[in-house]
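Quick caveat: nothing in here was measured; it's all calculated off a predicted structure. In each ligand, atom 1 is the first atom listed, and ligand 1 is the first ligand listed.
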Amino acid sequence: MKIRFEASACVGHGRCYALAPEVYDADDQGHCIVRYEVVPPELEEQARAGAANCPEAALAVED
Ligand code: SF4
């Protein structure tokens with residue numbers, strides 16, 4: 001699984017890293033940092049949850 005992150009759409013709500021801190025992190029402004037280029041299988045559920053809960057649709061997962 002890979003994560004597509006549209007940085008220009010991210011406004012820093014923090015939903016992604018609050019729900020899935022092992023997959024997503026925050027920069028100094030509270031914007032998302034994706035920790036993995038390829039998500040380890042054991043973290044795919046977290047990756048999906050974080051992406052699905054981004055209010056700006058800045059995140060998407062691809063199998
Ligand atoms: S939930 Fe979406 S808008 Fe909020 S920090 Fe994460 S990627 Fe950015």
**Q.** Donor-acceptor under 3.5 Å (Y17 side chain, G30 main chain)
**A.** yes
Q.
Taking A18's backbone N and O only, do any of them form a donor-acceptor pair with Y24's side chain (distance below 3.5 Å, no angle check)?
A. no
By number and element, which atoms of ligand 1 are closer than 4.0 Å to a non-hydrogen atom of [X]?
X   : result
L59 : 7 (S)
C16 : 1 (S), 5 (S), 6 (Fe), 7 (S)
C54 : 1 (S), 2 (Fe), 3 (S), 7 (S)
V11 : 3 (S)
G14 : 4 (Fe), 5 (S)

**Q.** V61/V39 under side chain to side chain contact (heavy atoms under 4.5 Å, CB included): CA gap, chis, key distance, verdict
**A.** CA-CA 9 Å; V61 295; V39 180; over 6 Å; no
(Q) Are I33 and I3 linked, directly or through intermediate hydrophobic residues, by side-chain heavy-atom contacts shorter than 4.5 Å (ILVMFWY only)? (A) no
Q: Between N53 and ligand 1, find which residue part has any heavy-atom pair under 4.0 Å and reply side chain, backbone, both or neither.
A: neither
Q | Heavy-atom neighbours of E42 CD exceed 12 at 6.0 Å | A | yes
(Q) If you count every heavy atom of other residues, nucleotides or ligands that lies below 6.0 Å from E44 atom CD, does the total exceed 12? (A) yes
Q) Do any of the N/O/S atoms of C10, backbone or side chain, fall under 2.8 Å from atom 8 (Fe) of ligand 1? A) yes
